[in-house]
Structure formats: C-alpha cells, structure tokens
Amino acid sequence: MPELPEVESVVRVLAPRITGRRLQRIDVASRKPWARMIGPAEGQQVRRVRRYGKYILFDLDEGLLAVHLGMTGKLLVNADPGPHARAVLVFDGVNVVYDDVRQFGSMRWLPHEPEGLGPDALEVAAADFARMLLARKGRIKALLLNQAFLRGLGNIYSDEALFRAGIHPLAEAGRLSRRRILRLHSAIKQVLEQAIAKGGSSISDYLDPDGRRGWFQIEHRVYGRAGEPCKRCGARIRRILVAQRSTHFCPQCQRK
DNA sequence: TGGAATGTTCGGCT
DNA sequence: AAGCCGAACATTCC
C-alpha cells in the first residue's frame with residue numbers, strides 16, 4: 001500500500017497528534033527480528049514526525065523510531081488491535097496500532113536516519129536527477145524502483161510518472177535525452193504532489209491513521225488498467241514484467 | 001488452483 | 001562491478 005504519497009499522508013495525520021508526546025511503551029505482538037530492536041525507544045519524547053522516503057520517522061531525544069509499512073502496513077490512531085496488529089505504540093493519551101497483514105513491514109529503533117538511500121523523489125533537483133540518471137545503465141522502470149537511486153517511488157507512481165512523461169518503461173536510463181529526463185523529473189513531482197493532495201491511492205486496503213482512504217486511484221492512467229483504453233489516445237494499455245513487477249504502459253504514448 | 005498484490009533483500013550469474 | 005534474475009518473506013483475494 002505505501003509509496004511516498006501514502007506515507008506522506010500518514011505523517012500528516014500523525015504529526016499534529018503525536019509530536020511532543022512521550023512514548024510510554026510499545027506492546028509488541030510480532031515475532032519478527034525487528035520486534036527486539038525497539039527497546040531504546042520506550043520512555044522517550046517524540047520531537048518530530050516526518051517522512052524519509054517510504055519510512056515514517058519519529059525523532060526521539062536519542063535516535064529515532066523508523067517504521068516501514070511494507071506492502072500492507074498501517075498505523076491506526078486509537079483503533080482496536082485486530083488479528084493482524086503487530087504492535088501498539090502507547091503514548092500519553094493516544095495509542096497507535098501498527099497493523100500489517102503480510103508482515104513485510106518493520107518498526108525499529110535506529111541511532112540515525114536509514115542509510116544507503118538516494119535523494120527524496122520530491123526534493124531532488126532537476127539537474128541532480130539528470131546527472132544521476134545519465135550515469136546509470138539499465139531500464140528506467142527498474143531504476144525508479146531502486147530506493148538506493150531515488151527514495152519514495154514504488155510500482156504505482158513509477159508507472160504513472162513514466163506515462164505522464166511519455167517514456168517507455170524499458171527505455172535505457174542513460175540514453176534518455178536531457179529533455180526527456182527533465183520531463184520525467186517534472187512528471188514525478190507532479191504525480192506525487194497530485195497524489196498527496198488526494199490522500200494517496202487506496203487500491204485494496206490502504207487507510208490513513210484515521211481509517212480514511214485515498215482517492216488518487218481514480219486518477220491512475222495506466223496502473224491496474226491493462227487491456228483498457230488509454231485515456232489520451234485510446235490504445236490498449238499493456239502489462240509486462242520489469243524487475244519482477246507488473247508494469248503498465250501505453251504502447252502508443254510511450255514509444256521506445 | 002494458481003497467480004498476483006502499493007516492498008525489500010539476498011545469493012548467484014554475467 | 002553494476003545490473004539482472006529468481007527466490008524468499010506471509011497473507012489474502014479472485
């Protein structure tokens with residue numbers, strides 16, 4: 001469920017309600033390895049809640065609590081822990097339930113920000129983006145999914161950005177013209193900002209911490225639309241596999 | 001029944 | 001060495 005716009009939506013709901021509160025304790029139900037890496041977070045005050053790529057970071061007096069929602073993770077404010085609740089963050093006055101059906105997500109205390117990630121997809125400057133991209137070999141779609149290259153994009157928004165930029169997902173990254181790279185840079189920014197404005201995409205089960213869904217899925221032009229007509233030219237949207245992920249594109253609007 | 005699902009990581013190969 | 005591939009993780013849904 002969670003790419004940059006969904007994570008940003010989660011942070012915007014959580015920040016005003018959690019900032020300044022003390023994390024009294026964490027009730028852990030998960031048996032995953034991360035479940036034993038949260039101890040230092042207990043008892044600390046939350047200085048700030050922010051997004052870092054696809055991570056939700058709770059800055060503490062010492063270090064931070066880093067939450068990654070994986071595919072099906074949710075943070076729910078004052079909810080009843082259901083069968084898939086993996087942990088409950090107990091603050092003074094507020095509870096946050098960490099629910100995750102597939103358990104691909106994690107929640108752990110770290111001494112500092114996660115390392116090894118590229119610049120944030122919403123913050124990277126056009127010139128830097130172009131320079132980074134031109135230094136790379138390989139398929140553009142795979143590169144956009146690579147968090148070490150750029151942090152925040154996932155499968156939905158990579159496809160949507162490539163469509164909006166008119167670039168084929170199998171295009172060789174380092175061989176794109178400067179002009180098309182700049183077009184991609186603005187498409188990424190535009191689609192992410194529009195998605196945030198709609199509260200993200202609720203394809204199957206994404207909900208914000210108040211249990212509200214996002215509505216950007218209505219604006220999807222290619223993701224999940226295989227076989228349907230392109231909204232720009234009418235051609236059938238195609239679905240192929242790139243980097244083992246479903247990849248949707250218009251063969252007419254996104255020529256190789 | 002098999003396949004696919006908003007993600008990441010690891011081992012092996014070229 | 002960078003990039004690609006397949007598998008693994010775990011659960012649900014169609």
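Here is the naming used below: chain letters follow the sequence lines, and residue numbers restart at 1 for every chain. Since we're looking at a predicted model, the values are computed, not measured.
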> Salt-bridged, A/Arg51 to A/Glu8, with N to O below 4.0 Å?
Replying inline: yes

> Reckon A/Arg239 has a side-chain N or O less than 4.0 Å from the OP1 or OP2 of B/dA5?
Replying inline: yes

>> At 4.0 Å (heavy atoms only), tell me whether A/Ser246 reaches a base, stays on the sugar-phosphate, or touches nothing.
In response: sugar-phosphate

> How close do A/Pro33 and A/Met37 get, heavy atom to heavy atom, and via which atoms?
Replying inline: O-CG, 3.9 Å

> Given the rule in the side-chain contact (heavy atoms from CB on, under 4.5 Å) test, do A/Leu122 and A/Glu193 qualify, once you have shown the distances and angles that lead to the verdict?
Replying inline: CA-CA 8 Å; A/Leu122 263 188; A/Glu193 281 167 2; 4.0 Å; yes

> Rounded to the Å, how far apart are A/Asp205 CG and B/dG7 P?
Replying inline: 12 Å

>> Less than 4.0 angstrom from a charged side-chain N to a carboxylate O is my criterion; do A/Arg175 and A/Glu172 meet it?
In response: no

> Minimum heavy-atom separation for A/Gln217 to A/Ser202, with atom names?
Replying inline: OE1-N, 2.9 Å

> Looking at A/Thr72 and A/Arg102, what are the two nearest heavy atoms and their distance?
Replying inline: OG1-N, 2.9 Å

> How is the base pairing of DNA chain C summarised as a dot-bracket string, given the Watson-Crick and G-U wobble criteria with both distances under 3.5 Å, [ ] for crossing and | for another strand?
Replying inline: .||||||||.||||

>> Looking only at the aromatic ring of each residue, does the gap between the centers of A/Trp34 and A/Tyr98 stay below 6.0 angstrom?
In response: yes

What protein N or O atoms touch nucleotides 1-8 of chain C N or O atoms at under 3.5 angstrom, if any, and at what distances?
unit_1	atom_1	unit_2	atom_2	d
C/dG3	OP1	A/Lys137	N	2.9
C/dG3	OP1	A/Lys137	O	3.0
C/dG3	OP2	A/Arg136	NH1	2.7
C/dC4	OP1	A/Arg139	N	3.1
C/dC5	OP1	A/Arg139	NH1	3.4
C/dC5	OP2	A/Arg139	NH1	3.3
C/dG6	N7	A/Gln244	NE2	2.7

Could you write out each protein N or O paired with an N or O of nucleotides 11-14 of chain C at a distance under 3.5 Å?
unit_1	atom_1	unit_2	atom_2	d
C/dT11	OP1	A/Gln103	NE2	3.0
C/dT12	OP1	A/His84	NE2	3.3

> Could you walk me through whether A/Asp159 and A/His248 pass the side chain to side chain donor-acceptor pair (under 3.5 Å) check?
Replying inline: CA-CA 6 Å; A/Asp159 282 2; A/His248 316 73; 2.8 Å; yes

>> Tell me whether A/Glu160 is salt-bridged to A/Arg221, with the criterion being a basic N under 4.0 Å from an acidic carboxylate O.
In response: no

> If we take the P atom in both C/dA1 and B/dT8, what is their distance in whole Å?
Replying inline: 25 Å

> For A/Phe104 and C/dC9, is the gap between ring centres under 5.5 Å while the planes differ by less than 30°?
Replying inline: yes

>> Can you tell me if A/Lys32 touches the phosphate of C/dC9, counting only side-chain N or O atoms and a distance under 4.0 Å to OP1 or OP2?
In response: no

Is there any protein nitrogen or oxygen under 3.5 Å from a nitrogen or oxygen in nucleotides 12-14 of chain B, and what are the pairs?
none

> Tell me: CZ of A/Arg31 to C1' of C/dA10, nearest whole Å?
Replying inline: 14 Å

> Within this structure, what is the CZ-to-C1' distance between A/Arg108 and B/dT9, rounded to whole angstrom?
Replying inline: 12 Å

>> Just to verify, what does A/Asp210 make a side chain to side chain contact (heavy atoms under 4.5 Å, CB included) with, not counting sequence neighbours?
In response: A/Val13, A/Arg17, A/Val77, A/Asp208, A/Arg212

>> Once side chain to side chain contact (heavy atoms under 4.5 Å, CB included) is applied, do any residues pair with A/Tyr52, and if so which ones, sequence neighbours excluded?
In response: A/Arg50, A/Tyr55, A/Leu57, A/Glu113, A/Pro114, A/Leu117, A/Arg151

> Please walk me through it: do A/His185 and A/Ile181 pass side-chain contact (heavy atoms from CB on, under 4.5 Å)?
Replying inline: CA-CA 6 Å; A/His185 176 262; A/Ile181 292 173; 5.6 Å; no

>> Strictly below 4.0 Å, N to O, side chains only: are A/Asp100 and A/Lys74 in salt-bridge contact?
In response: no

> Given the C1' atoms of B/dG3 and C/dG6, what is the spacing between them in whole Å?
Replying inline: 16 Å

>> As a test of reading the structure: which of C/dC9, B/dA4, B/dG7 is closest to the side chain of A/His68, going by heavy atoms?
In response: B/dG7

